[in-house]
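Below is one structure, written out as structure tokens; the observations come after it.
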Amino acid sequence: MTVVVSNRGPYRFTRTASGGFDAHHASGGVSSALRPLLTSGAAGADAAWIAAAHDDDDRAAMVAGEAQAPGIALTLLDHDPALHRLYYDVVSNGTLWFLHHGLFDLVRRPRFDHRFTEAWAAYETVNRSFAKAAAEVASEGDVVLVQDYQLALVPEMLRAERGDLRIVHFSHTPFCGPNSIRVLPDHAALALCGSMSGAIAGFHSARWARSFEASAREILGNDARCRTFVAPLGPDPDELAELAESPAALTAGQELDELVGDRQMIVRSDRVDPSKNIVRGFAAYDLLLAEHRELRERVVFVARLTSSRESLPEYMAYANEVEQAAARVNERWATNDWQPVVVDLRDDYPRTIAALARTDVLLVNPVKDGLNLVAKEGALVNQRDAVLCLSRDAGAWDELHETALPVHPYDLAQTAGALHDALMMPASERASRAARWRELSAARTPRDWLDNQLKAAHSS
Ligand code: G6P
């Protein structure tokens, strides 16, 4: 049997008026990559998935025995909401996410005070409950695939209970380097590196694997034995093709045709997250319009954004900055019949697919990103030989660099230059780059990624 352990499960459940429950696809790359694989039996006939209940409806569905997923033995762990907040908001997203993506403004943050001590204890408690649940579900010698930074302590805790299991930990984020890991309190850095080096640790990019190894040596000493592997995720081509042909995507495509008309189009698609560098993206576009008068009224930048982690003040503040940055560009350049930036916050995946299909340029400029699957999805659905402008600090850069125009995530003039080059690129070069982009993006499927994890587990 394969046991998946991840913070989010395959579905989130909502109560219906008739007292039953609806299952909706849970957000995030981890869950959307694993759900089809596990429900289709790709991980073997027996699969179990342990995740956290995220709200009262999830909890109620579980109590009613209706938190189910086809083909998977699903367990949703019910943590006290205050405990969950400390684990999820304070440690996972407020600390580890910021650390691994290099987002801390170190003059002011982090501040490890009593609240953090309490939050770290909650992180340990929640990680322990996942480890315990996995230990209960798994049979002798089973493979356990632990996903992401929210559950970095699970490998060590599980190993202590069940030495027979084959445990992989896969990070969907970058891993911070040896100077940054020292920002964590010593006990936390030790626990994190100790746990992950006791498992086989997977990453989307060799850069993140190297960072982890260097950090582990920094914290555990030069003899630290790390076993890492690199296994980038790829999009599911069949699912994307089906979505691109869906009535919802086709209707959204027509709406975009009307909105954009004969202008060129730039698209981005991100969660509203400081790591995605959305504000600098708008600032670079502003610079582009300032320096290239001929592009005014000739381009529309559609930002497909989904709100994220709104319980964190940093995320709410960033969402405000994003809104203001877009408004500034529009105030400065809009004319009676042209809106330079269109921010679309609707949580609607077919609409995102339609935007990726219709665009001439795809901007992916994160300050750091574990992979960035959008950079590959764009290639598979785009209909117009779009040009990819890609941050060198996204994991996907490793695979896509020969076809993308590089973006230096902090350099506005450079980013504006990349957007300009992309918009001006001759049709023949666009076509040959787009063909290569498709080829590279289709090279790996979710199935390959899962197989790499299973193989790594069996090599242990
Ligand atoms: C990233 C993380 C995932 C996470 C997703 C959505 O992709 O690597 O682990 O699920 O963001 O974030 P959320 O906090 O909403 O789960």
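Numbering of ligands and ligand atoms starts at 1, following listing order.
When hydrogens are left out, the protein atom nearest atom 10 (O) of ligand 1 is Gly28 CA, 4.1 Å; that is the closest non-hydrogen contact. Atom 7 (O) of ligand 1 has its closest protein heavy atom at Gly29 N, 4.3 Å. The protein atom (non-hydrogen) at minimum distance from atom 15 (O) of ligand 1 is Arg8 NH2, 3.0 Å. Distance from atom 3 (C) of ligand 1 to its nearest protein heavy atom, with residue and atom name: Asp148 OD2, 3.3 Å.
With no hydrogens or angles considered, a side-chain donor-acceptor pair links Arg304 and Thr352 at under 3.5 Å. With hydrogens and angles left out, the side-chain atoms of Thr173 and Trp97 include no donor and acceptor closer than 3.5 Å.
Under the 4.0 angstrom criterion for non-hydrogen atoms, Gln147 is not in contact with ligand 1.
Within the model, atoms CG of Asp80 and OH of Tyr87 stand 14.0 Å from one another, a figure rounded to the nearest 0.5 Å.
Among His100, His204, Arg309, His172, the residue whose heavy atom lies nearest to atom 4 (C) of ligand 1 is Arg309.
Heavy-atom minimum distance, Arg358 versus Arg384: O-CD, 2.8 Å.
Residue Val30 approaches ligand 1 through these ligand atoms, each under 4.0 Å from one of its heavy atoms: 3 (C), 9 (O).
Checking side-chain atoms of Ser246 against main-chain N and O of Glu242 turns up no donor-acceptor pair under 3.5 Å.
Remark: Lys132 does not engage Glu161 in a salt bridge, criterion side-chain N to carboxylate O under 4.0 Å.
Residues Phe170 and His172 place their aromatic rings such that the two centres sit under 6.0 Å apart.
Among the atoms of Tyr88, some N or O lies under 3.5 angstrom from an N or O of ligand 1. When only interatomic distances are considered, the shortest N/O to N/O separation between Asn7 and ligand 1 does not fall below 3.5 Å.
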